[in-house]
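Step one of this worksheet: look at the structure below.
Hydrogens, waters and symmetry mates are skipped; everything else that's a heavy atom, side chains included, is used. Remember, it's 1-based here, ligands and their atoms both numbered in the order they're listed. If you read the sequence from its start, that first residue is 1, and numbering goes on from there.
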Amino acid sequence: MTSDPLVERMRPFGTTIFTEMSALAARTGSINLGQGFPDTDGPAEMLDAAARALREGANQYPPLPGIPALRAAIAEHEQRFWALPRDPGTEVVVTAGATEAIAAAILALCERGDEVVTFEPYYDSYAASITLAGAVRRPVTLRPGPDGRYTFDEGELRAAFGPRTRLVLLNSPHNPTGKVFTSAELSLIAGLCQEFDTYAVTDEVYEHLAFTDAAEPHVPLASLPGMHERTLRISSAGKTFSCTGWKVGWATGPARLVSAVTRVKQFLTFVNAGPLQPAVAVALGLPEAYFTGFRDELQARRDHLTAGLTAAGFAVQPSEGTYFVTADITPLGGTDGIEFCRELPERCGVVAVPTQVFYDDRDAGRHLIRFAFCKRESVIEEAAQRLSKLGR
Ligand SMILES: *Cc1c(COP(=O)(O)O)cnc(C)c1O
């Protein structure tokens, strides 16, 4: 009993790159633009509601699918922003962040050996959840096109589908590339889902962070013809309301898909975040101005950091959404993002993360690194100043 007790299929998953890079940031006193968490609190109305709920006794198990007020708010939010009608009684379930919703969806829908098509670079929990379920990932690589926007090859996407394909796991707006999938790209994906009769699970945690200069605005895959009945849509309060530590997420979709997720989720966490659920209900009901104001603020931070990175000598891939922008280190003489990120704190006091760890095809991302711009203006400015030392 002295060997590694971890089951074999999980052994390739070490500690995440965020653990290493955040420790490096702390040790060197660097500005941490590695991990994507905001450094300011979310809307005051939401924080006040949470404090009130905590004092007024909302401290026991909420109902399995989430408190009725939150499910109603999630359904209203989806109708208001995306014209997706949801029955809060059967078509909405609250989860421990988007992360649990993704894990529960894959565990609920995939038999051993089933295949999951997803785009790489992928959010790091995808590969782990697919592996935990005994399923197999079929990544399709996103590569910067001639205009700098990341795109994929239609033939590669088609080739990723086969008789064992159970679902497509799509993240748009996309972390780490900042890509917002266009309606033409979504139509291709939707067509293949229908041709191969698969489900779609969409990770839309950045649904409110598609910037005004994106090639096209964000569109949920669920709203495309023929997709409603086969799509499970996932989102979360963390990114939209700057409360990544709260871990309040949700999944919506047809009752039979939501029920499958709920039946798995009840044995993962059962429920979570009792006093935070009424607060997220308040946040989801905030006027339009909150959502557009938040987007405009992040877009200005993106512009500021992009300018700083460009001035420092990086080839910046344009970001159309999310908290992130990726940059090519080649013009600065870099060849390997991991090495480059390990040295960056010493060289200039800034931490980033190499995106190659989010690819199966490591070479496709070897020269790319990711910076988070969900930070205060003064922090972005200081980071830009520090990065300007790199080229000298
Ligand atoms: C942050 C993030 C998540 C996790 O959301 P939680 O609500 O914190 O679990 C999932 N997917 C993507 C793409 C993310 O960036």
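- Taking a cut-off of under 4.0 Å to the non-hydrogen atoms of Asn171, the atoms of ligand 1 that pass are 13 (C).
- At the top of the distance list for atom 8 (O) of ligand 1, counting protein heavy atoms only, stands Lys247 NZ, 3.1 Å.
- For ligand 1, the polar-atom distance check against Thr244 finds no nitrogen or oxygen pair separated by under 3.5 Å.
- From the protein, the heavy atom lying nearest to atom 9 (O) of ligand 1 is Thr99 OG1, 2.6 Å.
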Stepwise, does the side-chain contact (heavy atoms from CB on, under 4.5 Å) test hold for Val168 with Thr198?
CA-CA 7 Å; Val168 178; Thr198 73; 4.2 Å; yes

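- Some N or O of Ser236 is nearer than 3.5 Å to an N or O of ligand 1, by distance alone.
- His367 approaches Ala364 most closely through the heavy-atom pair CE1-O, 3.5 Å.
- Under 4.0 angstrom from ligand 1, the non-hydrogen atoms of Lys239 all belong to its side chain.
- A distance-only check finds no donor-acceptor pair linking the side chain of Ser259 to the backbone of Ala255 [under 3.5 Å].
- Annotation: cation-pi pair Lys375/Phe37 present, NZ/CZ under 6.0 Å from the ring centroid and within 45° of its normal.
- Side-chain atoms of Gln299 and Thr212 form a donor-acceptor pair, as typed in the model, at a separation below 3.5 Å.
- Under the ring pair (Phe, Tyr, Trp, His ring centres under 6.0 Å) rule, Phe241 has a single partner from Phe294, Tyr290, Trp246, which is Tyr290.
- Residue Tyr206 touches ligand 1 through its side chain alone, judged by heavy-atom distances below 4.0 Å.
- Looking at atom 5 (O) of ligand 1, its nearest protein heavy atom turns out to be Ala98 CB, 3.6 Å.
- When the heavy atoms of Ile102, Val248, Asp124, Asp203 are ranked by distance to atom 13 (C) of ligand 1, first place goes to Asp203.
- Minimum interatomic distance between Ala96 and Lys265 (heavy atoms only, all atoms of both residues): N-NZ, 4.3 Å.
- Considering backbone and side-chain N/O of Tyr123, none are found under 3.5 Å from N/O of ligand 1.
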